[in-house]
Structures are given as structure tokens and as C-alpha cells.
Amino acid sequence: MSAVMLNTFWDIIPPMIKQQVLADYESYGRQQQSKQAANVVGNRFRELVDAILAGNFNLYLTQNSAAHYTINGTEASGGKIKYAQAESYLGINVYEKQWMQGGITLPPFGIIVEKYNTNTALKQHEYGHKLNYDENGFTKYYRDIAILSLYNTFENKLDKWSGSSLSIPHKYYFSETDANTRAQEFFGPTAPINNWPNNSQTREAEYPVGIRAMMYAGWGITVFLGMSTIH
């Protein structure tokens, strides 16, 4: 039964879902490529499930960690359609995503960077986060680094929207300068990452986080009241 299900994976998907998948690509003028892409996705899924059922999942990851799958040449934009893209970078997979701005490190799962990014320093910076993870482990890394880094990014956006400067610029935040310092030590003094801020350039916020939260709330209330008076 499992073999039949695997061999007919794409065939058993409801037609409505198939049509939606194809329509998403047709809107970009890629009808033919989208059909081929659907076949590639179906084939990769079957290979993955086969590997899991056969107990060869680790071998599958090793064989496919640096694979780049393309569909039918170049596009009008000059790029290629990329599926299941994962570049192995010193023992951790790096994924390119269209929606990503900059990068984010989520070990042991991988590093995500913006699509077509060729910034070596960025990858080295993200690898610096991975080095922190290797030293401190899953819980400490996500509790003390990843969540706080994400929060600082959120505060930076609030500052941009409100015109304030309450938070520390992300590149000078402690989690980011820590990653840079680790990467600078790991990759050496001539690596591109050495042009990024290190621990000596870490900045401290002028106001505690609770005070900043109240200030942001006050800004939000002011905006809301101002908009509510517009008729």
C-alpha cells in the first residue's frame, strides 16, 4: 500500500489544489515550468519518504545537502527557479528564501538568508550564531540569543515607524556583536566579517525595556487618537 501511495503522490492530490499550485506560477507567466516544478516537488517528496521508510534518512540528507534543483533554464528576471535549495556551509544548511531580509540562524535546522544573497560576511555572521549554539546548547541559545535578537529587530521596526530611537541598532545589539566576534575568531583576521562590529562596539539601551515598552505604547495611543479624530 505504501509503495502505491508513494508512486501516485502527485496523482492523488485533489484537482482544485493542483490548479491553485499551477495558477500561482501561471500568474508569473511560467505555466510550463510550474508543471515541471510540481513533478520535481512530488519526486523529491517520494525520495524523502522512501529514505525514511528504508531507514536511510541520514544518508539522504548527506547526498542532498548541497543539491540545487532548477527548472528549465533562466527566467525573465534573470534568475532560476530553485527548489529544495540547501547549500551546506561548514556543517549547517543555508537556505535562500524570497521573503527573508538579511538572515536568521535556527540551529540545528539551518540558516535562512535572503534569496540570491552573495554576501559572504552575512553567512559568516550567521555562522557566528551557530558557534554560540554549539557552545551553549539549544535552550540557552534560543532563550538568551535568538528570542532577544528577534525582539530587538521588532523594536528597530517600531523605532522606524514611530520616528524614535529608543532601541539599539540591530548591528550593535549584544547578540549580533557576539556572533561577529565569534565569526571573526573562527574565520580569521582577513575574513569579510572583520568589517562588522564586534563586542567592543556593543551598545546599551538608554532606557530599560519596560520604560521603552511604555513609550512605544504611548506613541501607539497618540497615533490611534490622532487617526480617530480624522473624519
Side-chain angles (χ1 to χ4, degrees), residues 65-66 82 85-220 223:
S65 62
K82 296 186 178 183
Q85 182 190 62
E87 172 193 351
S88 183
Y89 189 69
L90 299 176
I92 188 168
N93 284 342
V94 178
Y95 300 91
E96 293 182 6
K97 297 296 182 182
Q98 189 72 43
W99 46 264
M100 173 58 65
Q101 293 182 347
I104 186 171
T105 303
L106 302 172
F109 313 107
I111 294 171
I112 305 173
V113 296
E114 57 194 61
K115 199 168 187 179
Y116 308 130
N117 189 291
T118 57
N119 189 334
T120 300
L122 173 62
K123 291 181 180 179
Q124 292 177 346
H125 164 78
E126 298 302 336
Y127 195 79
H129 285 307
K130 192 261 186 185
L131 294 172
N132 184 297
Y133 170 86
D134 290 342
E135 178 181 331
N136 293 302
F138 185 95
T139 300
K140 188 173 178 60
Y141 172 78
Y142 280 95
R143 182 191 65 200
D144 298 342
I145 297 296
I147 293 177
L148 296 179
S149 176
L150 185 62
Y151 177 73
N152 175 251
T153 301
F154 175 69
E155 278 202 318
N156 278 187
K157 292 186 180 297
L158 286 178
D159 279 345
K160 182 178 179 179
W161 293 334
S162 64
S164 61
S165 56
L166 300 178
S167 66
I168 304 162
H170 193 60
K171 65 180 180 179
Y172 296 116
Y173 195 59
F174 82 94
S175 62
E176 308 314 299
T177 55
D178 171 83
N180 293 342
T181 298
R182 291 173 185 272
Q184 289 161 6
E185 293 173 353
F186 181 86
F187 291 102
T190 62
I193 189 61
N194 284 276
N195 294 321
W196 288 33
N198 56 34
N199 281 340
S200 67
Q201 295 165 278
T202 301
R203 294 185 188 175
E204 298 292 335
E206 182 177 358
Y207 301 102
V209 62
I211 299 297
R212 298 201 305 273
M214 287 191 290
M215 289 180 172
Y216 288 129
W219 167 77
V223 172

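Here the side chains of L90 and F187 are in contact, with some heavy-atom distance below 4.5 Å. Contact of the E176 side chain with the P197 side chain is not registered, since no non-hydrogen atoms from C-beta on lie closer than 4.5 Å. Contact of the Y173 side chain with the N156 side chain is not registered, since no non-hydrogen atoms from C-beta on lie closer than 4.5 Å. For the pair S149/H170, a side-chain contact is recorded, criterion being any heavy-atom separation below 4.5 Å from C-beta on. Between T105 and Y141 there is a side-chain heavy-atom pair separated by less than 4.5 Å.
How far CD of Q101 is from CD of E114: 7.5 Å, rounded to the nearest 0.5 Å. The structure places CD of Q184 at 10.5 Å from CH2 of W196, a figure rounded to the nearest 0.5 Å. In this structure, the separation between CD on E126 and CG on N119 is 10.0 Å, given to the nearest 0.5 Å. Going from atom CG of L148 over to atom OH of Y142 covers 13.5 Å, rounded to the nearest 0.5 Å. Here the CG atom belonging to N152 is positioned 13.0 Å from the NZ atom belonging to K171, to the nearest 0.5 angstrom. Rounding to the nearest 0.5 Å gives a distance of 11.0 Å between CD1 of I112 and CG of N93.
Here the closest heavy-atom approach between residue G188 and residue N194 is recorded as O-ND2, 2.7 Å. Here the shortest heavy-atom pairing between S164 and L158 reads OG-O, 4.5 Å. Residues S175 and I145 share a closest heavy-atom pair of CB-CG2, 4.1 Å. Shortest non-hydrogen contact noted between G110 and Y95 is CA-CE1, 4.3 Å. A pairwise comparison of heavy atoms in R203 and P169 identifies NH1-CG, 3.8 Å as the closest pair.
At distances below 3.5 Å, at least one donor-acceptor pair connects side-chain atoms of N136 with backbone N or O atoms of N132. Using a distance-only test at 3.5 Å, with no hydrogens or angles considered, no donor-acceptor pair links the side chain of E155 to the main chain of S167. A donor-acceptor pair under 3.5 Å is absent between the side-chain atoms of E96 and the main chain of V113, judged by distance alone. A distance-only check finds no donor-acceptor pair linking the side chain of N199 to the backbone of T181 [under 3.5 Å]. Proximity of a side-chain donor or acceptor of Y127 to a complementary backbone N or O of R182 within less than 3.5 Å is not detected.
Annotation: Q201, atom CD; neighbour count of heavy atoms from other residues, nucleotides and ligands within 6.0 Å is above 12. The local environment of OH in Y151 is crowded, with over 12 non-hydrogen atoms from other residues, nucleotides or ligands closer than 6.0 Å.
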